Number of protein chains: 2
Amino acid sequence: MTQKRSTWQKVAVREELGERSGFISAQQLHAEMVAAGQKLGLTTVYRALTDMVESGEADALTGSDGETRYRICGQEHHHHLICNVCGKTVEFELPGFEAATKALALSHGFQEVSHSIELFGTCSDCPRG
Amino acid sequence: MTQKRSTWQKVAVREELGERSGFISAQQLHAEMVAAGQKLGLTTVYRALTDMVESGEADALTGSDGETRYRICGQEHHHHLICNVCGKTVEFELPGFEAATKALALSHGFQEVSHSIELFGTCSDCPRG
DNA sequence: TTTGGTTCGATAATGATTTTCAGTAAGGAG
DNA sequence: CTCCTTACTGAAAATCATTATCGAACCAAA
């Protein structure tokens, strides 16, 4: 059976991503790793990130510009509070909301409901616009 | 100053979009309009849709597949409940939630907060998976 | 070291969206 | 109504992120 191998490339991607607190695109992450002297291919970075998302190690977030950004995160269900300026991300939970949305969806006849909740703003470290 | 002109193409896109209850991609909308006998360019459809989003006449939603889908909607603040199968969309509001998210964001030092909330599920008209 | 996979990564391909740019047509001025 | 000015149109080319190809590199183990 196909089992995953641990390579220095994958480890490097995981570490590089782990050093950040916000979301970053595959392209950008790759560019910075190359700039830092690590020789790996863009394809590999994409593969490593995709693997991490599948295994629940990272979250993927597709922005309105069509670019997908990634971030290390825990496996528990949570949502994100994201700074528009610096990209800093805070995870949070909203007790009661899960149930409320589910009830609302059911009242409209929807089943197998999932939800996507993201809050965007400017964090205290960044100048206000 | 640059003012907008009204063309039959823009009107046609607005009408075609208005006849639908769910989100649809620019490509798909264009394909159906052409199939229906209307001769207009894909570029024009993109432009018309972008204009409508800017003017608040429509909502744009970028999915995880990188495709942007559009839908006619009112200007009041609302969220969407979307069927994964047929694309049917229901608008809803969540009284109290707006305040809750804002308070949560502020407690983390974030300001100028906006949020994105989408619920996905299978509607009563579609077979469950 | 030979074998049988898995992984790498340069490059080509894909596919949605945008840009170009020359030709078309609103819509106000006369 | 006719003439302009300039936004609009749309076919084709350009972008750009992401994915597919496929031979080379690599790992574990027999």
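Note that this is a predicted model, so its numbers are computed, not measured. Any value given below was found using the heavy atoms of this structure, including those in side chains, with hydrogens, waters and symmetry copies removed.
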A.B. asks: Do the ring planes of His77(A) and His115(A) sit parallel (below 30°), tilted (30 to 60°) or perpendicular (above 60°)?
C.D. replies: perpendicular
A.B. asks: Are OP1 or OP2 of dT17(C) and a side-chain N or O of Thr68(B) less than 4.0 angstrom apart?
C.D. replies: yes
A.B. asks: Nearest to the side chain of Gln9(B) - dC8(C), dG10(D), dT17(C)?
C.D. replies: dG10(D)
A.B. asks: Can the ring centroids of Phe97(A) and Phe97(B) be said to lie less than 6.0 angstrom from one another?
C.D. replies: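 Ring-ring flag for Phe97(A)/Phe97(B): true, centres closer than 6.0 Å.
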A.B. asks: Tell me: CG of Asp65(B) to P of dC16(D), nearest whole Å?
C.D. replies: 21 Å
A.B. asks: What is the distance, to the nearest angstrom, from the CG atom on Leu29(A) to the C1' atom on dT18(D)?
C.D. replies: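 Checked: the CG to C1' distance equals 15 Å.
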A.B. asks: Rounded to the nearest Å, what distance is computed from the OH atom of residue Tyr70(B) to the C1' atom of nucleotide dA16(C)?
C.D. replies: 10 Å
A.B. asks: Against Arg47(A), only a single residue in Thr43(A), Thr50(A), Val45(A), Leu49(A) fulfils side chain to side chain contact (heavy atoms under 4.5 Å, CB included); can you say which?
C.D. replies: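 Exactly one pass, corresponding to Thr43(A).
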A.B. asks: Any chance the side chains of Ser55(A) and Glu57(A) put a donor and an acceptor closer than 3.5 Å?
C.D. replies: yes
A.B. asks: Can you check nucleotides 24-30 of chain C for protein contacts, nitrogen or oxygen pairs under 3.5 Å, and list what you find?
C.D. replies:
residue : atom : partner : partner atom : Å
dA26(C) : N3   : Arg5(B) : NH1          : 3.3
dG27(C) : OP1  : Ser6(B) : N            : 3.3

A.B. asks: If I take atom CD in residue Gln27(A) and atom P in nucleotide dT15(D), what distance separates them, rounded to the nearest angstrom?
C.D. replies: 16 Å
A.B. asks: For Glu93(A), does the CD atom have more than 12 heavy-atom neighbours from other residues, nucleotides or ligands under 6.0 Å away?
C.D. replies: no
A.B. asks: Are Phe23(B) and His80(B) close enough that their ring centers fall under 6.0 Å?
C.D. replies: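 When the ring centroids of Phe23(B) and His80(B) are compared, they turn out to be within the sub-6.0 Å range.
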A.B. asks: Between atom CZ in Arg69(B) and atom C1' in dG15(C), what is the gap in whole Å?
C.D. replies: 13 Å
A.B. asks: Write down the distance between CD (Gln38(A)) and P (dG9(C)), rounded to a whole number of angstrom.
C.D. replies: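 Gln38(A) atom CD is separated from dG9(C) atom P by 11 Å.
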A.B. asks: Can you measure Leu42(B) atom CG to dA13(D) atom P for me and round it to whole angstrom units?
C.D. replies: 15 Å
A.B. asks: Can you figure out which of dT18(D), dC8(C), dT17(C) approaches the side chain of Ala26(A) most closely?
C.D. replies: dT18(D)
A.B. asks: Identify all pairs in which a protein N or O lies below 3.5 Å from an N or O of nucleotides 20-23 of chain D, and state each distance.
C.D. replies:
residue : atom : partner  : partner atom : Å
dA20(D) : N6   : Thr43(A) : OG1          : 3.4

A.B. asks: Output the rounded distance in Å from CG (Leu61(B)) to P (dA16(C)).
C.D. replies: 16 Å
A.B. asks: If you look at every strand shown and take non-hydrogen atoms under 4.0 Å, does Glu67(A) touch a base, only sugar-phosphate, or nothing?
C.D. replies: sugar-phosphate
A.B. asks: Is Glu16(B) salt-bridged to Arg14(B), cutoff N-O under 4.0 Å?
C.D. replies: no
A.B. asks: Checking salt bridge (charged side-chain N to carboxylate O under 4.0 Å, His left out) for the pair Arg71(B)/Glu91(B): CA distance, chi angles, key distance, verdict?
C.D. replies: CA-CA 11 Å; Arg71(B) 176 178 188 274; Glu91(B) 293 184 6; 2.8 Å; yes
A.B. asks: Sub-3.5 Å donor-acceptor pair from the side chain of Thr89(B) to the main-chain atoms of Gly87(B), do we have one?
C.D. replies: yes
